[in-house]
Amino acid sequence: MRFSKLFIPTLRETPSEAESVSHILMLRAGYVRQLAAGLYIYLPLGLRVIEKINKILREEMNAIGAQEITMPVLHPAEVWQETGRWDAIGDEMFRLKDRTGRDMCLGMTHEEIITWLASKEIRSYRDLPQIWYQIQTKLRDEARPKSGVLRTREFLMKDSYSFDIDEDGLEKSYQFHADAYHKIFSRCGLKFYMVESDPGMMGGATAHEFMAPSPAGEDEVALCDKCGYAANVELALSIPFEIETKNWVFEEIHTPEKRTVQEVSRFLNLKPEYFIKSILVISNNGPVLALVRGDQGLHEKKLSKIIGEHRPAHKDEVKEILGIEAGFIGPMNHKIRVVSDPCLKQGIYVSGTNKPHYHAKGIKPGKDFDAEWHDIHMAKSGDSCPKCNAPLRIEKAIEVGNIFRLGTKYSIPLKANYLDENGREIPIIMGSYGIGPARIAAAAIEQNYDKDGIIWPKSIAPFDVEILPLNMKDKNTVDIVEKLYQDLTEKGIEVLMDDRDERAGIKFKDADLIGIPIHIILGEKNLKEGLVEIKDRRTRETVRVTIQEVSEKVTERI
RNA sequence: CGGGGCGUAGCGCAGCCUGGUAGCGCACACGGUUCGGGACCGUGGUGUCGAAGGUUCAAAUCCUUUCGCCCCGACCA
């Protein structure tokens with residue numbers, strides 16, 4: 001395509017609302033524009049990238065026998081009420097009424113709809129298995145849209161759903177997806193990990209996420225380079241690093257105005273890992289005291305699995321329930337439920353005494369206090385792998401895809417059953433699998449850019465090559481570029497020709513910003529010698545080749 | 001939802017503290033010189049100062065309310 005005929009509004013300066021790399025570059029390079037918080041317009045270049053990604057998605061989904069369909073974005077409330085999610089999901093769901101007053105919502109995902117379809121259409125075990133997918137808009141009223149296209153209120157999702165007769169079948173469908181996803185993200189040029197994840201409100205047994213490592217990511221993953229253990233820190237297990245057991249005798253110490261582990265640790269010149277951190281939370285069944293080691297964070301989600309929903313106690317509640325102000329709470333002598341991380345079973349510690357301005361050294365778990373022992377700490381770097389004991393690494397990452405084993409969570413309430421060989425009615429075993437094309441695009445940028453702009457992986461770049469005729473006033477240049485453009489285009493190569501009557505500097509700057517992987521530079525002087533340059537956007541390596549061989553050399557690189 | 005920041009020309013920003021009727025750079029239009037890494041000179045157009053209300057002779061500026069956007073946190077199939 002001709003640059004002069006394409007709408008590519010590049011920006012010299014960074015719009016003030018953008019913070020993350022992908023957001024800044026997508027705006028500056030003219031890929032997207034923002035309509036409102038979490039709502040984006042994809043301009044011609046942006047759409048081309050998304051379409052490239054969608055093409056890869058379709059190819060790989062079709063390859064595992066998945067069939068593309070498309071479902072409405074507007075849903076009647078009834079199906080959502082039948083699965084209970086109409087009430088379970090809060091403000092995140094866009095809700096509305098139609099003209100007759102009927103409750104409706106905008107689809108944030110499509111389990112309900114596809115299961116409704118299955119319940120109507122699937123009769124027999126002979127109809128199974130099935131994998132159905134769509135690439136469709138999802139709407140979620142996010143509490144906080146952020147980082148450009150990474151977290152939006154309206155976005156495209158490739159969502160697929162598998163229907164099987166039993167767990168073995170599900171296992172196969174799940175594996176098909178895991179394999180397809182590996183191919184998809186590899187083809188898109190992403191660095192990624194497949195990690196264990198928390199199924200959350202999707203329900204079901206186990207799940208995995210595909211995570212593209214990047215500082216812009218919202219998630220953290222724990223990784224073991226030795227055995228390959230990989231999990232979202234939401235549920236990652238870890239063995240806390242070991243500490244030497246001190247032979248302290250129980251002793252109370254005056255610690256005036258020293259409340260936090262950090263303060264007391266500095267005051268007593270003892271490392272935080274020799275402390276017991278006591279945190280009071282309020283669950284639906286009353287207050288619970290949670291204990292972790294001083295260097296650890298309390299993992300709210302892990303704790304939720306044990307005591308149910310809870311929230312941190314307010315200051316006055318702490319005083320009321322424990323009779324002591326926060327900062328001097330200790331693990332001893334409580335009538336309420338106490339849950340402690342198992343790493344505290346060993347060793348001798350420092351903690352509060354439940355007396356104002358006093359801490360105690362030499363606290364021995366099991367002897368001085370007792371608790372229910374459950375893993376409630378957050379994995380952190382320095383910890384060891386729960387499987388092989390090698391050091392764990394914690395990395396930030398962007399969630400680009402996920403796969404869930406749903407089981408019968410949706411098929412039972414929506415009565416999606418099939419008849420087996422014996423004529424018995426059995427609920428279909430389901431799986432659900434998602435990928436966000438926009439996140440792939442954003443993650444690709446976050447992982448591939450330099451100070452001048454985007455460096456697209458070849459597979460998802462909006463064009464294969466960009467031709468830069470530096471002087472459009474030179475007739476020779478124009479003749480040659482037109483021929484080259486036609487030649488490459490006829491070979492099926494997607495080329496962007498910067499035919500604007502602009503100065504060379506502007507063309508170079510825009511080309512770097514836009515980030516097409518290969519540039520062909522036609523300079524007047526080189527052309528007189530019958531030469532053109534082929535430049536690699538990533539390495540900036542430039543080779544000069546003859547006009548006759550460009551097209552061949554470029555084809556080799558694509 | 002809690003905390004913080006910001007809304008002035010298409011974009012980036014100054015002016016606000018200490019009220020006097022809006023400015024700079026880029027972009028844009030025209031003319032000229034330039035032409036391999038966001039050129040230079042000249043000329044020119046561009047604003048409900050986010051909105052509403054109030055104080056005042058006078059409000060971009062002070063006060064109140066409200067809306068929007070961004071960031072941190074909470075939340076997040």
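Just so we're on the same page: letters track the sequence lines, and every chain starts at 1.
Residue side chain A/Asn471 does not reach the base of B/G36 through any donor-acceptor N/O pair under 3.5 Å, judged by distance alone. Between the base of B/G25 and the side chain of A/Glu13 there is a donor-acceptor pair shorter than 3.5 Å. For A/Glu533 against B/G36, a side-chain N or O and a base N or O form a donor-acceptor pair under 3.5 Å. Put simply, the side chain of A/Asp512 and the base of B/G38 share no donor and acceptor less than 3.5 Å apart.
Regarding A/Lys473, its NZ atom lies at a distance of 7 Å from the C1' atom of B/C35, rounded to whole Å. The CG-P distance, from A/Asp498 to B/G38, rounds to 15 Å in whole Å. Going from atom CD1 of A/Ile8 over to atom P of B/G38 covers 20 Å, rounded to whole Å. The CE-C1' distance, from A/Met26 to B/C11, rounds to 20 Å in whole Å. For the pair A/Arg144 CZ and B/C1 P, the interatomic distance rounds to 14 Å; values are reported in whole Å. A/Arg503 has its CZ atom 11 Å from the C1' atom of B/U33, to the nearest Å. Between the CG atom of A/Leu27 and the C1' atom of B/A27 there is a distance of 17 Å, given to the nearest Å. Rounded to whole Å, atom P of B/G37 lies 11 Å from atom NZ of A/Lys535.
Comparing the C1' positions of B/A60 and B/G50 gives a spacing of 12 Å, expressed to the nearest Å. Atom name P, nucleotides B/G12 and B/C71: the rounded distance is 15 Å, in whole Å. A distance of about 11 Å separates the C1' atoms of B/U61 and B/U8, rounded to the whole Å. Rounded to whole Å, the P atom of B/U34 lies 41 Å from the corresponding atom of B/G15. A distance of about 11 Å separates the P atoms of B/G20 and B/A59, rounded to the whole Å. B/C62 sits 12 Å from B/C6 when the P atoms are compared, rounded to a whole Å. Spacing of P atoms, B/C57 relative to B/U48, comes out at 29 Å, to the nearest Å. Only the C1' atoms considered, B/G2 is 33 Å distant from B/C11, to the nearest whole Å.
A donor-acceptor contact closer than 3.5 angstrom is absent between the side chains of A/Glu112 and A/His75.
Residues A/Met157 and A/Pro145 each lie close to RNA chain B; by heavy-atom proximity, the contact nearer the 5' end of the strand is made by A/Pro145. Heavy-atom nearest nucleotides on RNA chain B were determined for A/Glu399 and for A/Thr10, and the one closer to the 5' end corresponds to A/Thr10.
Checked against A/Glu466 for a side chain to side chain contact (heavy atoms under 4.5 Å, CB included), the options A/Asp510, A/Ile521, A/Ile518, A/Ile516 give a single hit: A/Ile516. When each of A/Arg33, A/Met26, A/Gln34 is checked for a side chain to side chain contact (heavy atoms under 4.5 Å, CB included) with A/Tyr40, only A/Gln34 meets the rule. A/Tyr485 pairs with exactly one of A/Leu496, A/Ile520, A/Val495 by the side chain to side chain contact (heavy atoms under 4.5 Å, CB included) rule, that one being A/Val495.
If you check every strand for non-hydrogen atoms under 4.0 Å, A/Ser20 touches nothing. Within 4.0 Å (heavy atoms only), A/Asp510 reaches at least one base atom of the nucleic acid. A/Arg28 comes within 4.0 angstrom of a base, heavy atoms only. Residue contacts shown for A/Gln34 are limited to sugar-phosphate atoms, with no base heavy atom under 4.0 Å away. Residue contacts for A/Asp501: at a heavy-atom cut-off of 4.0 Å it reaches no nucleic acid atom on any strand shown. Backbone-only contact: A/Ala36 has heavy atoms under 4.0 Å from sugar-phosphate atoms and none from a base. A/Ala143 comes within 4.0 angstrom of a base, heavy atoms only. In this structure, A/Leu513 reaches the bases: a heavy-atom distance under 4.0 Å links it to at least one base atom across the strands shown. Among the protein residues, A/Asn402 comes within range of the nucleic acid bases, having at least one heavy atom under 4.0 Å from a base atom.
Counting only distance, with no hydrogens or angles, the side chain of A/Asp499 and the backbone of A/Arg2 share no donor-acceptor pair below 3.5 Å.
Between A/Phe163 and A/Ser411, every side-chain heavy-atom pair lies at or beyond the 4.5 Å cut-off.
Pairing of B/G2, defined by two Watson-Crick or G-U wobble distances under 3.5 Å, is identified with B/C72. Nucleotide B/A39 is matched to B/U33 when pairs are restricted to Watson-Crick or G-U wobble geometry with both distances under 3.5 angstrom. Look at B/U21: it lacks any Watson-Crick or wobble partner with both distances under 3.5 angstrom. For B/U66, the paired nucleotide is B/G50, the pair qualifying as Watson-Crick or G-U wobble because both relevant distances are below 3.5 Å. In this structure B/U55 sits in no base pair that meets the Watson-Crick or G-U test at under 3.5 Å. Across all strands shown, B/A60 forms no Watson-Crick or G-U wobble pair with both distances under 3.5 Å. B/G44: Watson-Crick or G-U partner is B/C28, with both key distances under 3.5 Å. Across all strands shown, B/A14 forms no Watson-Crick or G-U wobble pair with both key distances under 3.5 Å.
Residue A/Asn526 places its side chain closer to B/G36 than to any other of B/G38, B/G36, B/G12. Set against B/G36, B/C70, B/G38, the side chain of A/Arg12 has B/G38 as its closest nucleotide.
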- Derivation and outcome, side chain to side chain contact (heavy atoms under 4.5 Å, CB included), residues A/Asp219 and A/Met211: CA-CA 8 Å; A/Asp219 289 276; A/Met211 292 290 198; 3.6 Å; yes
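Within the structure, a side-chain polar atom (N or O) of A/Ser16 is placed less than 4.0 Å from OP1 or OP2 of B/C13.
A/Phe192 and A/Phe185 have tilted rings, their planes meeting at an angle from 30° to 60° on a 0 to 90° scale.
Atoms CD1 and NE2, on A/Ile184 and A/His177 in that order, are 8.5 Å from each other to the nearest 0.5 Å.
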